[in-house]
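By convention here, the first residue in the shown sequence is residue 1.
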Amino acid sequence: MADTFIEPIEPFGLFSKNRKKSLFSKIGVVGAGRDGRNIIRLTSSAGLEVVFIEASQERIDFAIARISEGLDSRIENWGLTPGEKRAILGRINGSLSYEDLKDCDFVIECIRYDTQTGERDTELRKKAFKEIEKFVSPEAIIATNTTTVIISELASELQYKERCVSLHFPIAHSEAKMIEIVKSIYTSEEVYNKVLLLAKLIKYETINVHESNGLVSMRLMVVLLNEACQMVLENVASMESIDHLTEIVYGMRLGIFKMADIVGIEKIVRLMEDMFNEYGDKKYKPSPLIWRLYRTQQLGTRSGKGFFVYDKGKITGVNSFFA
């Protein structure tokens with residue numbers, strides 16, 4: 001009788017326990033406000049598992065509902081199928097605990113600034129970075145999605161400073177597929193190159209920006225917005241005409257006032273004040289028109305009224321302030 005040879009087949013299996021882990025198998029997002037939800041949708045749509053952290057179950061449910069609504073819009077207008085929507089939502093999980101970030105390869109902080117406490121933006125984000133580092137592996141990348149906080153300062157108190165980077169996803173237009181990437185003085189080239197790969201994975205272009213308050217996108221935007229507001233104050237032209245001109249003459253997908261409403265008046269005021277304090281140049285000081293909207297809580301699309309008036313996200317007219 002011939003000898004029987006027994007050879008283990010596990011190494012040849014499709015689901016080998018020892019298979020190499022993909023570079024980005026799980027993404028973490030801290031904060032599911034508008035910016036956070038955008039990143040959650042982008043990464044889950046690219047086939048990545050996503051866990052996001054929020055402060056309450058109510059906020060988790062709200063975030064998932066808003067992401068679902070956004071996907072419904074893509075079904076109606078962009079050819080997404082109901083099956084694809086279910087798959088995308090199936091890759092998203094909300095949590096109340098930072099501990100659930102432990103298996104993430106990449107975590108991006110998108111916390112909302114709390115105007116009630118008056119706590120500095122940088123201090124809030126430093127706390128989030130420290131909480132993230134408690135649970136993720138030393139190889140996991142920790143990022144922030146902000147324009148006015150310097151990433152070197154956020155990374156300075158962490159144990160593994162070289163894994164920190166700043167990314168900014170401009171969200172004024174859903175098809176503006178570009179990310180501003182900022183390395184800190186500590187960021188390693190390996191981490192930077194991994195971030196470039198992540199951008200390719202979600203089909204975004206990148207621009208390398210040196211540490212600078214406001215980066216490129218917001219420094220350009222707020223100066224244009226201030227000048228547009230000044231022309232309205234001087235009665236040079238109507239707000240609608242100025243907005244339309246920026247679309248036609250300069251090829252902007254959205255007029256400057258529409259863009260401001262989408263970004264959010266409260267966010268613009270805070271960013272402009274930060275930039276004014278940083279650079280001391282009055283061109284960054286918010287226009288009286290912007291302050292008027294902010295003080296009356298007319299904050300743009302989120303509140304239903306900003307420079308324009310909105311109903312379910314659609315413009316229905318011009319704010320009576322500017323009529």
If a pair satisfies salt bridge (Lys or Arg N to Asp or Glu O under 4.0 Å) and one of its residues is in residues 276-297, list it, with sequence neighbours excluded. Glu273-Lys285
Would Val236 and Ile248 show up in the same hydrophobic cluster when neighbours are defined by side-chain heavy atoms closer than 4.5 Å? no
With side chains defined as the heavy atoms from C-beta onward, is the minimum distance between Thr144 and Phe129 less than 4.5 Å? yes
Evaluate side-chain contact (heavy atoms from CB on, under 4.5 Å) for Val107 paired with Tyr98, printing each intermediate quantity in order. CA-CA 11 Å; Val107 180; Tyr98 278 82; over 6 Å; no
Flag the pair Thr122 / Leu154 as yes when at least one side-chain heavy-atom distance between them is below 4.5 Å, and no otherwise. yes
Pairwise distance CG(Leu96) to CD1(Ile53) - rounded to 0.5 angstrom: 8.0 Å
Can you sort out the partners of Phe62 under ring pair (Phe, Tyr, Trp, His ring centres under 6.0 Å), two or more places apart, ordered by chain and number? none
Quick check: is Leu89 connected to Leu42 through a chain of hydrophobic side chains (ILVMFWY, heavy atoms under 4.5 Å apart)? yes
Answer yes or no: is there a side-chain heavy-atom contact under 4.5 Å between Phe52 and Ile27? no
Linking Ile, Leu, Val, Met, Phe, Trp and Tyr through side-chain heavy atoms less than 4.5 Å apart, which residues share a cluster with Ile150? none
Among residues two or more places apart or on two chains, list those pairs meeting salt bridge (Lys or Arg N to Asp or Glu O under 4.0 Å) that have a residue in residues 157-170. Lys126-Glu157, Lys130-Glu157, Glu133-Arg163
Heavy-atom donor-acceptor pair, Asp243 side chain to Phe257 backbone, under 3.5 Å: yes
Grouping I, L, V, M, F, W and Y whenever their side-chain heavy atoms are under 4.5 Å apart, do Val318 and Ile242 come out in a common cluster? yes
Leu101 side chain near Val30 side chain, heavy-atom distance below 4.5 Å: yes
Got a second to check how far Thr43's OG1 is from Ile88's CD1, nearest 0.5 Å? 10.0 Å
Heavy atoms only: give me the nearest Ile108-Phe169 pair and the separation to one decimal. CD1-CE1, 4.0 Å
same_hphob_cluster(Tyr294, Met218) at 4.5 Å side-chain heavy-atom cutoff: yes
Are any of the side-chain heavy atoms of Asn93 and Asp100 separated by less than 4.5 Å? no
Which is it for Leu196 and Ile181 under the side-chain contact (heavy atoms from CB on, under 4.5 Å) test, yes or no, and what are the steps along the way? CA-CA 9 Å; Leu196 293 179; Ile181 303 179; 3.8 Å; yes
Closest contact, heavy atoms only, Thr206 versus Ala199: CG2-CB, 3.4 Å
Please identify each residue that fulfils ring pair (Phe, Tyr, Trp, His ring centres under 6.0 Å) with Tyr186, with sequence neighbours left out. none
Intermediate values then yes/no, salt bridge (Lys or Arg N to Asp or Glu O under 4.0 Å), Lys258 and Glu247: CA-CA 10 Å; Lys258 295 187 188 79; Glu247 294 171 353; 3.0 Å; yes
Please give me the minimum heavy-atom distance between Cys104 and Ala140, naming the atom from each residue. O-CB, 3.5 Å
Salt bridge (Lys or Arg N to Asp or Glu O under 4.0 Å) involving Glu139 - partner list, sequence neighbours excluded: none
With sequence neighbours excluded, what pairs up with Leu224 under the side chain to side chain contact (heavy atoms under 4.5 Å, CB included) test? Met252, Ile256
Keeping Asp105 on the side-chain end and Ser25 on the backbone end, is there a donor-acceptor pair under 3.5 Å? yes
Hey, mind stepping through Ser212 and His210 against side-chain contact (heavy atoms from CB on, under 4.5 Å) and telling me if it holds? CA-CA 6 Å; Ser212 171; His210 294 145; 5.9 Å; no
Is there a path of hydrophobic side-chain contacts, each under 4.5 Å between heavy atoms of I, L, V, M, F, W or Y residues, that connects Ile92 with Leu80? yes
The reported gap from CE in Met272 to OG in Ser287 (rounded to nearest 0.5 angstrom) is 8.0 Å
So the salt bridge (Lys or Arg N to Asp or Glu O under 4.0 Å) pairs with at least one residue in residues 194-223 (sequence neighbours excluded) are Glu190-Lys194
How far does CD1 of Ile67 sit from CG of Asn38, to the nearest 0.5 angstrom? 9.5 Å
Could you walk me through whether Tyr250 and Leu245 pass the side-chain contact (heavy atoms from CB on, under 4.5 Å) check? CA-CA 7 Å; Tyr250 296 113; Leu245 183 143; 3.9 Å; yes
Closer than 3.5 angstrom, by distance alone: can the side chain of Glu180 be matched with the main-chain N or O of Val182 as a donor-acceptor pair? no
Arg302: salt bridge (Lys or Arg N to Asp or Glu O under 4.0 Å) partners, not counting sequence neighbours: Glu266
Quick one: are Tyr284 and Asn277 in side-chain contact, heavy atoms under 4.5 Å? no
Smallest separation among heavy atoms of Ala143 and Phe106, with atom names: CB-CZ, 3.9 Å
Looking at Ser152 and Ile185, would you say the former's side chain and the latter's main chain have a donor-acceptor pair under 3.5 Å? yes
Residues forming a salt bridge (Lys or Arg N to Asp or Glu O under 4.0 Å) with Lys314, sequence neighbours excluded: none
Is there a side-chain contact between Thr187 and Val195 in this structure, where contact means two heavy atoms from C-beta onward sitting under 4.5 Å apart? no
Drop me the distance from Leu71's CG to Thr81's OG1, to the nearest 0.5 angstrom. 10.5 Å
What pairs of residues pass the salt bridge (Lys or Arg N to Asp or Glu O under 4.0 Å) test when at least one of them lies in residues 46-73, not counting sequence neighbours? Glu54-Arg59, Glu54-Arg112, Arg66-Glu69, Asp72-Lys85
What are the two closest heavy atoms between Tyr310 and Ile315, and how far apart are they? CE2-CG1, 3.3 Å
Check salt bridge (Lys or Arg N to Asp or Glu O under 4.0 Å) between Lys305 and all other residues, then give those that pass, not counting sequence neighbours. none
CD1 (Ile142) and CD (Glu109) are apart, to the nearest 0.5 Å, by 10.5 Å
Contact between Val263 and Met221 at the side-chain level, heavy atoms closer than 4.5 Å - yes or no? yes
Specify the closest pair of heavy atoms between Cys229 and Leu289, including all atoms of both residues, with the distance to one decimal. O-CD1, 3.6 Å
Has the side chain of Tyr279 got a donor or acceptor atom that lies under 3.5 Å from a matching backbone atom of Asn213? yes
Look only at the side chain of Asp35 and the backbone of Asn145, and say whether a donor-acceptor pair between them is shorter than 3.5 Å. no
